[in-house]
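Just below is one structure, and these are the notes that go with it.
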2 protein chains.
Amino acid sequence: MLTSAEIATHVGTNPVVVRRVLGRLREAGLLISEKGHAGGWRLARSPEVITLADVYIALDESIVAAGSPDHNLSCSVENALHSRVAGILQQTEMALIEQLGKTTIADVHDD
Amino acid sequence: MLTSAEIATHVGTNPVVVRRVLGRLREAGLLISEKGHAGGWRLARSPEVITLADVYIALDESIVAAGSPDHNLSCSVENALHSRVAGILQQTEMALIEQLGKTTIADVHDD
DNA sequence: ACAAGCGTAACACAGTCAGTTGCGATACTC
DNA sequence: GAGTATCGCAACTGACTGTGTTACGCTTGT
């Protein structure tokens, strides 16, 4: 069980920033936070069953993202380009998630 | 042969912005710009042999990029995490480029 | 009651990017 | 040679974003 302040000190930032990020992981069910005296943060599940993909998805990063096609755009070339690129990006994102899914928190910790 | 002003009007932006972007494609050898009266922009090669990967690389996007590992960081877990993630991202980026390489400008144009 | 912790809102600050203006250099036309 | 159209580039602005910070309320254990 670690407090926001401890984590913040360790990574060189501010407790509020830590709570902002970890809060999203809590919403996703990856972490549990406890309030009050002796509160703090801990993993919601065993580190062996949390993958980097879980974290990536929880943070909703979508590094590889295609914005919506800006409907009603008159240029057919622009449309065609967007379709193709969007397809490729989606495919790439799935590949990324698949790769991230192969590494667990425990794997990283044991290196 | 199109001028920056024509292209800018078409995509709804400013000629200078167009020149900024297309200038990078020119540096990469994908486009040729001609100065003076009746100048403008044209493809440096046939659209059949320019791929989306060429454009992606020319623009140096690196959508999927891992910053340098911030050398000399004391936390071994952080190090291990960075190594693994960087590897996955690099692999993903290569896959993206490979996919982009399968589509040429001509392909997009003919849709 | 008090202290320690999270949750959240509000604000400041720096960085980034599109947009804009201005000006010089180049090349074509007359 | 004068005029005009174009690119090349630098400088400035404004919007947006992300981090950091402060402040305050709520929860929990001693």
Side-chain angles (χ1 to χ4, degrees), chain A residues 1-45 50 55-70 73-75 78 81-82 85 89, chain B residues 1-45 50 55-70 73 75 78 81-82 85 89 93:
Chain A
M1 179 73 79
L2 295 172
T3 69
S4 305
E6 288 166 345
I7 299 171
T9 300
H10 187 67
V11 300
T13 183
N14 193 285
V16 176
V17 177
V18 172
R19 288 200 279 262
R20 278 209 279 254
V21 177
L22 267 45
R24 307 183 64 179
L25 299 181
R26 178 186 32 132
E27 289 168 14
L30 267 49
L31 295 181
I32 290 177
S33 68
E34 289 180 3
K35 300 178 180 178
H37 200 125
W41 301 84
R42 60 187 171 83
L43 294 178
R45 294 183 257 144
I50 301 180
V55 177
Y56 177 82
I57 292 171
L59 295 181
D60 197 22
E61 286 291 343
S62 290
I63 288 182
V64 185
S68 58
D70 260 6
L73 77 183
S74 54
C75 176
E78 194 172 349
L81 177 61
H82 192 283
V85 172
L89 290 183
Chain B
M1 179 73 82
L2 295 172
T3 69
S4 304
E6 288 165 345
I7 298 172
T9 300
H10 187 69
V11 300
T13 184
N14 192 285
V16 177
V17 177
V18 172
R19 287 199 279 263
R20 278 211 277 254
V21 176
L22 298 192
R24 307 182 65 179
L25 299 182
R26 182 198 35 185
E27 290 169 13
L30 269 47
L31 295 181
I32 291 176
S33 68
E34 288 180 5
K35 300 178 179 178
H37 199 127
W41 300 85
R42 59 187 173 83
L43 295 178
R45 295 183 256 146
I50 301 180
V55 177
Y56 177 82
I57 293 171
L59 294 181
D60 196 22
E61 285 292 343
S62 288
I63 288 182
V64 185
S68 57
D70 259 7
L73 79 182
C75 176
E78 195 173 346
L81 176 61
H82 191 283
V85 172
L89 290 181
E93 174 121 7

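In what follows, chains carry the letters A, B, and so on, assigned in the order in which the sequence lines appear, proteins first and then strands, with residues in each chain numbered from 1. Values below: every heavy atom of this structure, side chains too, minus hydrogens, waters and symmetry copies. Only a predicted model underlies this, so the values are computations on that prediction, with no experimental measurement involved.
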Worksheet item: Is there a side-chain polar atom (N or O) of B:T13 under 4.0 Å from OP1 or OP2 of C:dG19?
Response: yes
Worksheet item: Do you know which two heavy atoms are closest between A:H10 and B:C75, and how far apart they sit?
Response: NE2-SG, 3.7 Å
Item to complete: To the nearest Å, give me how far apart CG (B:L31) and P (D:dC7) are.
Response: 12 Å
Worksheet item: How many Å lie between CG on B:L25 and P on D:dC7, as a whole number?
Response: 14 Å
Fill in: A:V16 side chain, from C-beta outward: closest of C:dT8, C:dG22, C:dG19
C:dT8
Discussion item. It should be established whether A:T3 places a side-chain nitrogen or oxygen under 4.0 Å from OP1 or OP2 of nucleotide C:dA4.
Written reply: no
Worksheet item: Nearest to the side chain of A:W41 - C:dG7, D:dC7, D:dG20?
Response: C:dG7
Worksheet item: So do B:E6 and B:T9 actually touch side chain to side chain, heavy atoms under 4.5 Å?
Response: no
Worksheet item: Any side-chain heavy atom of A:I7 sitting closer than 4.5 Å to one from A:L22?
Response: yes
Worksheet item: If only side-chain N and O atoms of A:S33 are considered, is one of them under 4.0 Å from the OP1 or OP2 phosphate oxygen of C:dC6?
Response: no
Discussion item. Please report the distance, rounded to the nearest Å, between CG in A:N14 and C1' in C:dT8.
Written reply: 14 Å
Worksheet item: Atom CE of A:M1 to atom P of C:dA4: distance rounded to whole Å?
Response: 17 Å
Worksheet item: Of the options A:V16, A:V18, A:V11, which is the one that meets A:N14 in a side-chain contact (heavy atoms from CB on, under 4.5 Å)?
Response: A:V16
Item to complete: Provide, to the nearest angstrom, the distance between the CD1 atom belonging to B:I7 and the C1' atom belonging to D:dT6.
Response: 12 Å
Worksheet item: Does the side chain of A:L43 reach to within under 4.5 Å of the side chain of A:L31, using non-hydrogen atoms?
Response: yes
Discussion item. Please classify the nucleic acid contact of A:G23 as base, sugar-phosphate, or nothing, using heavy-atom distances under 4.0 Å.
Written reply: nothing
Worksheet entry | Candidate nucleotides C:dG7, D:dC7, D:dT21, ranked by approach to the side chain of A:R26 - the nearest | C:dG7
Worksheet entry | Side-chain-base donor-acceptor pair under 3.5 Å for B:R20 and C:dG19 | yes
Worksheet item: Over how many whole Å does the gap from B:R42 atom CZ to D:dC7 atom P extend?
Response: 13 Å
Every protein N/O lying under 3.5 Å from an N/O of nucleotides 28-30 of chain D:
unit_1: D:dT28; atom_1: O2; unit_2: A:H37; atom_2: N; d: 2.9

Worksheet item: Taking CZ from B:R24 and C1' from D:dC9, how many angstroms apart are they, rounded to a whole number?
Response: 15 Å
Discussion item. Measure CD/A:E6 against C1'/C:dA4 and give the value in whole Å, please.
Written reply: 11 Å
Worksheet item: Looking at CD1 of A:I63 and CG of A:L89, how far apart are the two atoms once the value is rounded to the nearest 0.5 Å?
Response: 12.0 Å
Worksheet item: Less than 3.5 Å between a donor and an acceptor, one on the side chain of A:R19 and one on the base of C:dG5, is that the case here?
Response: no
Worksheet item: Of the non-hydrogen atoms in A:G23 and A:W41, which two are nearest, and what is the gap between them?
Response: N-CH2, 3.9 Å
